[in-house]
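Reading through the structure tokens given below for one structure.
The chains referred to below are lettered A, B, ... by the order of the sequence lines, with proteins before strands, and numbering in each begins at 1.
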Amino acid sequence: MENIENQDFKQIGSKLLDWYKKNARDLPFRQTKDPYKIWICEIVFQQTRISQGLNHYNNFVKRFPDVKTLAEAPEDEVLLYWKGLGYYSRAINIHKAAQQIMTDYYGVFPHDYEEILKLKGIGKYTAAAVSSICFDSKMPAVDGNFYRVLSRIFADDFDISNSRAFNYFSELAQLVLPENVGDFNQAMMDLGSEICKPKNPLCHECPLNQDCLAFQLNKVSEFPVKTKKVKAADLDLKYYFVHRNGQFLIQQRKDDFIWKKLFEFPPEISEELMPFIKSVKNVNHKLTHKNLSIEIFNVEVDSESVWEDFIIKNQYIITDFEGSHEKSFPKPLENYIQNYHTAYRIL
DNA sequence: AATACGGGGGG
DNA sequence: CCCCCAGTATT
């Protein structure tokens, strides 16, 4: 019995592969099996749409074309190429992993799933993706697309917010997995983003609609089942825009909270800074961004004051609007700097 | 097992 | 305004 059903399900995999041969998206990382490039693209496109990250990916691999170049680059520059992408620990980890490959693997990207999994920032999904695409491993790269496509095909109501979902859908994937797992994994990504979309899927164009139980039952919108909805906590921040003659003060964040190692304005006026200050004005610069509320105070510094020693001692960095391009700022602050520059023409 | 981590886009 | 997305690390 299982044999017969298995045969049926396997044809789903081969149908998908046929569809992929004709409909694969033309993406820069599709013409290579270089594990470095595949790795970078997998990290860039975690929780990130293609249209959103494509320029970042291209710029990144142009500047850092291989493991060695990346490993030898300064961390701040890696961060700079990640500017605006979000989830900045990805950049930190990608840099560490490159150094890990240099020291632990003599600069050669490891071939085995288990070894790849040991690299910083690489979890089960990415290890499966890289090993299957580059080294022909048979691991399904189970991600949000797998959850969505498989739950619909089998009209399976297993809750994808359950922490066992990864294992559950990995088993389910075995039913349809063809010989060429690397292409299958990529096919699932394309089908999931182009056809089997979260909202308004294009079922009439889907190569698998005859095999899709949810479609046959007219219940596609009911899958996947996801019960938990976590809401991000609200966050109120204050920043002091300390400036003089078109220059302003910034410092680097720690790596223990949001915006890891990104640059920001001083979040407070320290005691040592007081003597240099001419005025602090609440100019009503309020940035709201998602669940963020950021209040910015305009701080004017006495233009005669000599504060170089103070800056070094307190690990502040002084920069101008041009220099700020060399640093990676959180998006709301990046926008603020741009607007301030254009609105006030401070040079 | 639960939670934090960003930013862009769709409805 | 809420939901979703080529997930991972931490607790």
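- Rounded to whole angstrom, the span from the CZ atom of A/Phe60 across to the P atom of C/dA6 amounts to 21 Å.
- We find that NZ of A/Lys199 is positioned 16 Å from P of B/dG9, with the value rounded to whole Å.
- Across the strands present, B/dA2 finds its partner in C/dT10; the criterion is a Watson-Crick or G-U wobble pair with both atom distances under 3.5 angstrom.
- Within a 6.0 Å radius of CD in A/Glu179, no more than 12 heavy atoms belonging to other residues, nucleotides or ligands are found.
- Judged by atom type and distance alone, A/Lys290 reaches the base of B/dG8 through a side-chain donor-acceptor pair under 3.5 Å.
- For the P atom pair drawn from C/dT8 and B/dG9, the interatomic distance equals 24 Å after rounding to whole Å.
- Of the residues near DNA chain C, A/Gln186 and A/Leu119, the one whose nearest nucleotide (by heavy atom distance) lies more toward the 5' end is A/Gln186.
- Set against B/dG6, C/dC4, C/dA6, the side chain of A/Glu42 has C/dA6 as its closest nucleotide.
- Counting distance only, with no hydrogens placed and no angle test, the side-chain atoms of A/Ser51 and the base atoms of B/dG8 include no donor-acceptor pair under 3.5 Å.
- Checked by distance alone, A/Arg90 brings no side-chain donor or acceptor within 3.5 Å of a matching partner on the base of B/dA4.
- At C/dT8, one or more side-chain N or O atoms of A/Thr126 fall inside 4.0 Å of OP1 or OP2 (strictly under the cut-off).
- Checking A/Gly121 against A/Gln52, the closest nucleotide of DNA chain C that is more toward the 5' end is the one next to A/Gln52.
- With DNA chain B read from its 5' end, the first of the two nearest nucleotides for A/Ala232 and A/Leu292 is the one closest to A/Ala232.
- The nearest whole Å value for the distance from the CZ atom in A/Arg164 to the C1' atom in B/dA2 is 16 Å.
- Nearest to the side-chain atoms of A/Thr48 among the listed nucleotides B/dG7, B/dG6, C/dA6 stands B/dG6.
- Using a 4.0 Å heavy-atom distance criterion, A/Leu27 is classed as a base contact.
- In this structure, of C/dG7, B/dA2, C/dC4, it is C/dG7 that holds the atom nearest to the side chain of A/Asp143.
- One interatomic measurement links the two molecules: CZ of A/Phe169 to C1' of C/dG7, which rounds to 16 Å at whole-angstrom precision.
- Spacing of C1' atoms, C/dC3 relative to B/dG6, comes out at 15 Å, to the nearest Å.
- Residue A/Arg148 is in sugar-phosphate contact alone, with no base atom involved, counting any heavy-atom pair closer than 4.0 Å across all strands shown.
- One P atom belongs to B/dT3, the other to C/dA6, and the distance between them is 23 Å to the nearest Å.
- Taking only distance into account, the side chain of A/Tyr87 meets the base of B/dG6 through a donor-acceptor pair shorter than 3.5 Å.
- Here the C1' atom of nucleotide B/dG10 and the CZ atom of A/Arg49 are 8 Å apart, to the nearest Å.
- Within a 6.0 Å sphere centred on NZ of A/Lys219, other residues, nucleotides and ligands contribute 12 heavy atoms or fewer.
- Ring centroid separation for the pair A/Phe241 and A/Phe248 comes in under the 6.0 Å cut-off.
- Using a 4.0 Å heavy-atom criterion, one finds that A/Tyr57 contacts no nucleic acid atom at all.
- A straight line from CG of A/Asn200 to P of B/dG10 spans 12 Å, rounded to a whole angstrom.
- Side chain of A/Cys41, nearest nucleotide from C/dA6, B/dC5, B/dA1: C/dA6.
- In the set B/dG6, C/dC4, C/dA6, B/dG6 carries the atom at the smallest distance from any side-chain atom of A/Tyr88.
- Taking atom CG of residue A/Leu54 and atom P of nucleotide B/dG7, one finds them 19 Å apart after rounding to whole Å.
- As judged by a 4.0 angstrom heavy-atom cut-off over every strand, A/Gly84 is placed among residues touching the sugar-phosphate backbone only.
- The side chain of A/Tyr125 approaches C/dG7 more closely than any other nucleotide in the set C/dG7, B/dG7, B/dC5.
- Proximity note for A/Trp259 (side chain, C-beta onward) versus C/dG7, B/dG7, B/dA1: the nearest is B/dG7.
- In terms of phosphate contacts, A/Gln47 brings a side-chain nitrogen or oxygen within less than 4.0 Å of OP1 or OP2 of C/dG7.
- Transitive grouping of hydrophobic side chains (ILVMFWY, heavy atoms separated by less than 4.5 Å) brings A/Ile94 and A/Tyr81 into a common cluster.
- When atom types are taken as modelled, the side chain of A/His289 and the backbone of A/Lys331 share no donor-acceptor pair closer than 3.5 angstrom.
- Remark: A/Lys83 is not positioned above the aromatic ring of A/Phe329, lacking an NZ or CZ atom under 6.0 angstrom from the ring centre and at most 45 degrees off the axis.
- Here A/Lys331 reaches the OP1 or OP2 of B/dG8: one of its side-chain N or O atoms lies under 4.0 Å away.
- More than 12 heavy-atom neighbours from other residues, nucleotides or ligands sit within 6.0 angstrom of CD on A/Glu308.
- Annotation: cation-pi geometry not satisfied between A/Lys260 and A/Tyr88 (NZ/CZ under 6.0 angstrom from ring centroid, within 45° of ring axis).
- In this structure, A/Ile122 reaches the sugar-phosphate backbone alone: every heavy-atom distance under 4.0 Å involves primed, P, OP1 or OP2 atoms, never a base.
- Between C/dC5 and B/dA1, the distance separating the two C1' atoms is 22 Å to the nearest Å.
- Separating the CG atom of A/Asn162 from the P atom of B/dT3 is a distance of 14 Å, rounded to the nearest angstrom.
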